[in-house]
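Below is one structure; the comments refer to it alone.
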Amino acid sequence: AKSFSRADIIIIPPIYEVVGRERAMPLRDEKKEIDNFELVEMIKAENKKALATKSFAETIKYLKKIAGPGDVILVMGAGPVTEISRKIFK
């Protein structure tokens, strides 16, 4: 959560399991993995503006609504998250 300390807003789409990737680091107990809503709560605990979305489509719609000239949008992840960067400027 501290990695995003200089961002104006952090938008976290759903986190998907990627085939072949080691299991994500568990949160709180050995069996539970972190999801985007939990990650957003951790970021908010650091006094940052953050939002979890329910889908990539919702993420793209929100970014199109708030992004403006000169804004930097950083899309990070593995697997289908690249769909966001391809569709945001269409």
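Distance check: Lys64 NZ to Ile66 CD1 gives 13.5 Å after rounding to the nearest 0.5 Å. For the atom pair CD1 of Ile34 and CD1 of Ile12, the computed distance is 9.0 Å after rounding to the nearest 0.5 Å. Atom NZ of residue Lys61 and atom CG of residue Leu63 lie 13.0 Å apart, to the nearest 0.5 angstrom. Atom-to-atom distance recorded for Met42:CE and Ile10:CD1 is 12.5 Å, nearest 0.5 angstrom. Here the CD1-CD1 distance, from Ile84 to Ile60, works out to 5.5 Å after rounding to the nearest 0.5 Å. We find the CZ-OG1 distance between Phe56 and Thr82 to be 8.0 Å, quoted to the nearest 0.5 Å.
Glu46 contributes no side-chain N or O that, together with a main-chain N or O of Ile43, makes up a donor-acceptor pair within less than 3.5 Å. With hydrogens and angles ignored, the 3.5 Å screen pairs a side-chain donor or acceptor of Asn36 with a backbone N or O of Thr53. In this structure, Lys48 contributes its side chain and Ile9 its backbone to no donor-acceptor pair below 3.5 Å.
When every heavy atom of Lys44 is checked against every heavy atom of Ala50, the shortest pair comes out as CE-O, 3.1 Å.
Salt-bridge check for Glu83 with Lys87: passed, with a basic side-chain N closer than 4.0 Å to an acidic carboxylate O.
Around the CG atom of Asp71, the shell of radius 6.0 Å holds more than 12 heavy atoms that belong to other residues, nucleotides or ligands.
Ile73 and Val81 fall within a single hydrophobic cluster, where Ile, Leu, Val, Met, Phe, Trp and Tyr are joined by side-chain heavy atoms under 4.5 Å apart, directly or via other members.
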